[in-house]
Amino acid sequence: MKVMLHLEKVRKTYGKGKHAVKALGHISLSIPAGQVVGLVGPNGAGKTTLLKVITGLTHPDEGRVELFDESRTELNRRHIGFLPENPQFFKNISARELILFSLRLCKGDCSSQNVESLLNLVGLLDAADRPIRHYSKGMKQRVGLAQALAHQPHFLILDEPMSGLDPGGRELIKSILREYCTPKRAILFSSHDLGDVEDLCSRVIWVEGGQIRLDAPILEIQKQSLFEVHWQKQGRARSKEVADEAELWSLLDEIRVSGGQILRIQRALVKRINHLLDIGRAP
Amino acid sequence: MKNTLFLFGVFLRESIRNKVLWFFALAGALMILAALVLGEMVVGRPGKAIWDLGLSSINLLSLAIIVTFGVSMASSELEGRMMQLLLVKPLSRRQYLAAIYMTLMSLVLIASLSMALISWALLGFSTMALVILAVALIWNLLEMSVMGAVVLFCATLSAPQLAMFLGLCFYIIGHSLSEALRLVTVSGTALTRGVFAVLYFILPNLSLFNKKSLLASGLTLPDLWSLLWAGLYAVCCVLIWAWLAQWLFGKKEL
């Protein structure tokens, strides 16, 4: 299977001396084709720096970055699609012009049919000729995704693609990404929303303090804890984690019979990740 | 090269759509009109005053365009996120700067040509005026080609406001460097003579391109050799400052 990305002992520090901040500390990882990888972690964990190092926007102090089994070059950057966090565009350009420009730079299919289908895909066909400066945040995010996808890259890198989107916009982007990932392509995206990660990813990488703290298939994480149920009984809030669906149904029955009121049921991914991290931290 | 040209096309279209450029164009037209009115009020040689003010207006408008647009396009603080979108595509940082430089030169060419045409029309389409304006345009373009590279260097070196300030400093110092060196050679100490001699060779000497007074007097046109020499000097300056700009830009964290 083709390796889309290979990082070896990548280190990055911002500043010097007393004010030096370690953004990445000897990170090594590989992403083969066919995977959708979610990069998660708290603010300042090093997610954006990692994505910038991969795309070449930031230079690592040490380490090697390989794309498609070779060193990163201008040529193999043609097969990357990138959406930065809160993307900004030329003020007066329209979505149609931006996509066409993106296709020309990456030597993609510049036919008007292709441009129209991309605009249609992200739901911007009606606003295609309006200057992007008049777009809402969600529309900007979608046009950003369209320019990243335009040339059908093998490897898609997205920095917080769902940030600031309404539920409809999130679902649209999720469905585009689900459809986009084929066995010959890979997606790496950072997110704060573990629900999105759970919905889309086949693998989760948890970054904290510039280090990879956890790198595991999502199924493995989910297997250990699936749901967290919150309910109220006699004015007291309670919660419990359950490991599988059968246990969940029996707990729900139990709550109902005892007169409790179910407040919410949520996936317990954060807790599970924290639990796994605690295991990792333990001496 | 193809990608540089694509980007140049987009930059140029964006700049032409930018209201600031039209504001500059309006200011330029007003400056020429002011030159005509003020020139008539001058006692002595009104013709020279009109030409002096008119040619200075073209030069100042070109400078305003170079500094404003150069800094806004090349500064990562202003256009950082746009740069991120572009520089992950098969486009090198050198190509990106080259596209900005080509845009700046095109904008200066369009603006100064338009102002020259207005001036020519106001001066009654005379052949003499056409010759003087054409020569002035060539010298102005040479000067702005150097300033374009210097502004790119300033924009990649520092924050936008400081870059604009530095660009203007380079312009002012560049125009007064020869005079200052002449002055310290006569009356300065060995140290100041040394310092100015070093500065003279490091900083671009823009006074070399300043032929406004000569052209305004209408007595003589600069000879071909001085033009060739200035052209060669401009090419060397552009190569050095553009190389420095791309070196700094290549190291920049976006």
Side-chain angles (χ1 to χ4, degrees), chain A residues 12-15 23 48-49 51-61 67 72-94 97-98 100-108 110 131-133 140 143-145 147-148 150-151 153 155-157 159, chain B residues 1-23 68-69 71-100 102-104 107 156 160 246-254:
Chain A
K12 177 72 195 171
T13 306
Y14 290 114
T48 299
T49 303
L51 297 184
K52 284 184 177 179
V53 165
I54 293 168
T55 49
L57 294 171
T58 292
H59 311 293
D61 301 332
L67 289 168
R72 188 185 48 216
T73 60
E74 266 171 56
L75 275 180
N76 63 23
R77 279 215 311 256
R78 188 174 298 162
H79 305 297
I80 285 184
F82 178 61
L83 173 67
E85 191 183 356
N86 301 322
Q88 276 172 16
F89 311 92
F90 294 113
K91 287 187 188 85
N92 301 300
I93 206 167
S94 67
E97 286 170 335
L98 182 76
L100 198 59
F101 170 63
S102 199
L103 282 165
R104 279 187 178 153
L105 272 184
C106 300
K107 300 194 176 11
C110 296
I132 295 178
R133 69 170 192 274
K140 280 183 185 167
V143 78
L145 184 65
Q147 66 78 35
H151 55 292
F155 187 30
L156 198 55
I157 302 167
D159 194 359
Chain B
M1 188 62 191
K2 219 173 174 184
N3 282 355
T4 313
L5 290 176
F6 284 148
L7 191 57
F8 159 62
V10 173
F11 276 148
L12 189 63
R13 199 168 44 201
E14 273 295 297
S15 305
I16 289 172
R17 285 170 178 173
N18 195 331
K19 282 177 193 154
V20 176
L21 184 71
W22 295 102
F23 171 75
T68 315
F69 283 81
V71 170
S72 72
M73 282 192 276
S75 168
S76 58
E77 281 174 44
L78 293 178
E79 292 290 348
R81 296 205 188 273
M82 186 67 224
M83 281 183 192
Q84 287 180 5
L85 276 183
L86 293 171
L87 291 173
V88 294
K89 305 212 181 293
L91 185 81
S92 69
R93 295 185 182 206
R94 192 179 301 166
Q95 286 173 314
Y96 185 85
L97 283 189
I100 295 177
M102 286 160 72
T103 310
L104 292 180
L107 289 176
T156 51
Q246 70 95 20
W247 179 73
L248 281 174
F249 194 54
K251 292 194 168 299
K252 212 153 192 142
E253 310 281 358
L254 295 172

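Lettering follows sequence order; numbering is per chain, from 1.
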field: chain B contacts, top residue of A:S102, A:G81, A:P87 (heavy-atom pairs, under 4.5 Å)
entry: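 Greatest number of close heavy-atom pairs with chain B: A:S102.
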
task: Pick whichever of A:G56, A:G144, A:P84, A:A148 has the most heavy-atom pairs under 4.5 Å with chain B.
output: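 Ranked by heavy-atom pairs under 4.5 Å with chain B, first place is A:P84.
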
Contact class of [X] relative to chain B, heavy atoms under 4.5 angstrom:
X: A:E97; result: side chain
X: A:F82; result: both
X: A:K91; result: both

Which distance, rounded to the nearest 0.5 Å, do you find between the [atom1] of [X] and the [atom2] of [Y]?
X: A:T55; Y: B:K89; atom1: OG1; atom2: NZ; value: 11.5 Å
X: A:I93; Y: B:R13; atom1: CD1; atom2: CZ; value: 6.0 Å
X: A:T49; Y: B:E253; atom1: OG1; atom2: CD; value: 9.0 Å
X: B:N3; Y: A:C106; atom1: CG; atom2: SG; value: 8.0 Å

message: For a 4.5 angstrom cut-off between non-hydrogen side-chain atoms, does B:L85 reach A:F90?
response: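 SC-SC contact between B:L85 and A:F90 ruled out.
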
task: Let me know if B:V88 has heavy atoms under 4.5 Å from chain A in its side chain, its backbone, both or neither.
output: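 Both parts, backbone and side chain.
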
field: Residue part contacting chain A, namely of B:K2, when any heavy atom lies under 4.5 Å
entry: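 No part of B:K2 comes within 4.5 Å of chain A.
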
message: Report, in residue-number order, which members of residues 16-23 of chain B are under 4.5 Å from chain A by heavy-atom distance.
response: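 B:R17, B:N18, listed by number.
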
field: Shortest non-hydrogen contact between B:M82 and A:Q88, atoms and distance
entry: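 So the minimum-distance heavy-atom pair works out to SD-O, 3.5 Å.
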
